[in-house]
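One structure is given below, encoded as structure tokens.
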Protein chains: 2
Amino acid sequence: MSRVAYVNGRYLPHRSSRVHIEDRGFQFADSVYEVIAIRAGQFVDEERHLARLKRSREALELSAPMSDAALKTVLRETVRRNHVADGIVYLQVTRGAAPREFAFPKRARPSLIVTARAQAIADPALIERGVAVITVPDLRWKRPDIKSVSLLPNVLAKQQAKYADAYEAWQVDAYGNVTEGTSSNAWVVNGVGEVVTRQADHSILNGVTRLGLIDIIERAGLRLVERPFSVSEARAAREAFLTSSTNGVLPVVRIDGGAVGDGRPGSLAVTLAAAYRRYMAEGTR
Amino acid sequence: MSRVAYVNGRYLPHRSSRVHIEDRGFQFADSVYEVIAIRAGQFVDEERHLARLKRSREALELSAPMSDAALKTVLRETVRRNHVADGIVYLQVTRGAAPREFAFPKRARPSLIVTARAQAIADPALIERGVAVITVPDLRWKRPDIKSVSLLPNVLAKQQAKYADAYEAWQVDAYGNVTEGTSSNAWVVNGVGEVVTRQADHSILNGVTRLGLIDIIERAGLRLVERPFSVSEARAAREAFLTSSTNGVLPVVRIDGGAVGDGRPGSLAVTLAAAYRRYMAEGTR
């Protein structure tokens, strides 16, 4: 089956889907994006993704390429044309194509690109095994709360993880505290059973899965603490896990080569992973 | 006259020059670039630009799209086809197009895009007037010494300058020291006649014009000091100026609305601007 992409008003064969060389997404990383999970044909937390897209756009004074209603139609049509039941839809908005100057162009119209592909979402086999993470210095710009395509440091960190046979890299700030993964939020469970994750300020992206899991944790009456935690606290934690749209809740069993707890997925992480899979199935979308 | 661009092996009409939507330059800012000035048909400091391109590529483990000899041919052919006598040639190398994953793709081939356009280089009218700058927090990632297209913070800062009717924004680190402009290096001349500019470590891009000017300063027997300088030192400086490939040496006459010296281009800055124009004409290329 050949894939289809939406590019600035047209559905095109994916292989021949292109943007102009002076699109500001290509020359300046002047662009924002979202990745929304599709689970059993349903969009997971679409409203939260669209709200975050709006927030990212507005932080950059980047106007909307179309209304949310029209955007939802394009997302659905792209998913339909690619026959995705479980997978992701990726959307990217840029400030458009214009002669190369750093300041905002006067006349450019925002570009919108949408793709979709099938892939496992919150893969139970991966959850059962758990994954290894490494820690690396956080080299990113000071506004990773804006979901822009300024992802070069994330790319380099993820590649470091790959070289170390790890699944993800947890980025560490100047104080030795974990900010987040390259494409996921970071969590630990400490010795008294508190679930700890960094507060959503300018230093991390406020993950939609993070927010969904916070709802689950609060409804379950578990103790949630939003604060920075250090690498050494993470290494000594009872449990650790990460969250992302494609992974749901994924146990972390090794940090920088050392076992977390007994080196197997923690019981609370596994419980939360199952709860998140139910949350996706029930849908708050 | 219609413009021509080089895109991955082909010379195409500029208006229809495109890259794939999954080019990593577009989705991850996984890309480096150079802008080389063309002055009276000559490439200014081409070897230094190509050496810096190599350095940027290697820092990102990004392989060369072609040999330097072949690249020079493409640069010349693009300049020729666009009839540029005074202007710039822009070249961008990306890690290529591949299904979207953060880590380096196994099979992608680097993309190479080259454009050229006519524009004033080291414009004497601008040098005679001088320009205003504002200061803004430096929000960039921690490796701006790599000339990547991770330019979103630069875009936002330049737009702030535009809103303030200024020409450039000088970015300021956590210690109150100026790092550099969004697309230029920053310099001051202090009360004892020392020319001060920040040392080229990981915190700034080591400008090719910066290096050319250092040669000129040293040959002239002037006193050069490479160290950080603060915003307040800059405001109280005898003179200030910026350097870039397109501007050469450009006097700064206002910082955050306050006059530098008597508010007119400083005598040393004007002398250095003229010397740099001669340097371009004589050529060390």
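Everything quoted here is computed from the prediction, not taken from an experiment. In what follows, every chain begins at residue 1, and chains take the letters A, B, ... in the order their sequences are listed.
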Item to check | Members of residues 168-184 of chain A whose heavy atoms come closer than 4.5 Å to chain B | outcome: A:T182, A:S183

Checklist entry - With chain B, which of A:S148, A:A161, A:A103 has the greatest number of heavy-atom pairs at distances under 4.5 Å? => result A:A103

Item to check | B:V7, part contacting chain A, at a heavy-atom distance under 4.5 Å | outcome: side chain

Checklist outcome for this item: Rounded to the nearest 0.5 angstrom, the CH2-CH2 distance for A:W141 and B:W141 is 14.0 Å

Checklist entry - Is it the side chain or the backbone of B:Y33 that comes within 4.5 Å of chain A heavy atoms, both, or neither? => result side chain

Checklist outcome for this item: In terms of heavy-atom pairs under 4.5 Å with chain A, the winner among B:R140, B:R143, B:E22, B:K142 is B:K142

Item to check | Residue part contacting chain A, namely of B:R15, when any heavy atom lies under 4.5 Å | outcome: backbone

Next on the checklist: Tell me whether A:E61 is salt-bridged to B:K162, with the criterion being a basic N under 4.0 Å from an acidic carboxylate O.
Outcome noted: no

Next on the checklist: At a 4.5 Å cut-off on heavy atoms, which part of B:L152 comes close to chain A: side chain, backbone, both, or neither?
Outcome noted: both

Next on the checklist: Less than 4.5 Å to any heavy atom of chain A: does that hold for the side chain of B:P99, its backbone, both, or neither?
Outcome noted: both

Checklist entry - Under 4.5 Å between any side-chain heavy atoms of A:D23 and B:R18, yes or no? => result no

Item to check | Trace of the side-chain contact (heavy atoms from CB on, under 4.5 Å) decision for A:V149 with B:F28 | outcome: CA-CA 5 Å; A:V149 299; B:F28 290 112; over 6 Å; no

Checklist outcome for this item: Applying a strict 4.5 Å limit to non-hydrogen atoms, the region of B:Q92 in contact with chain A is side chain

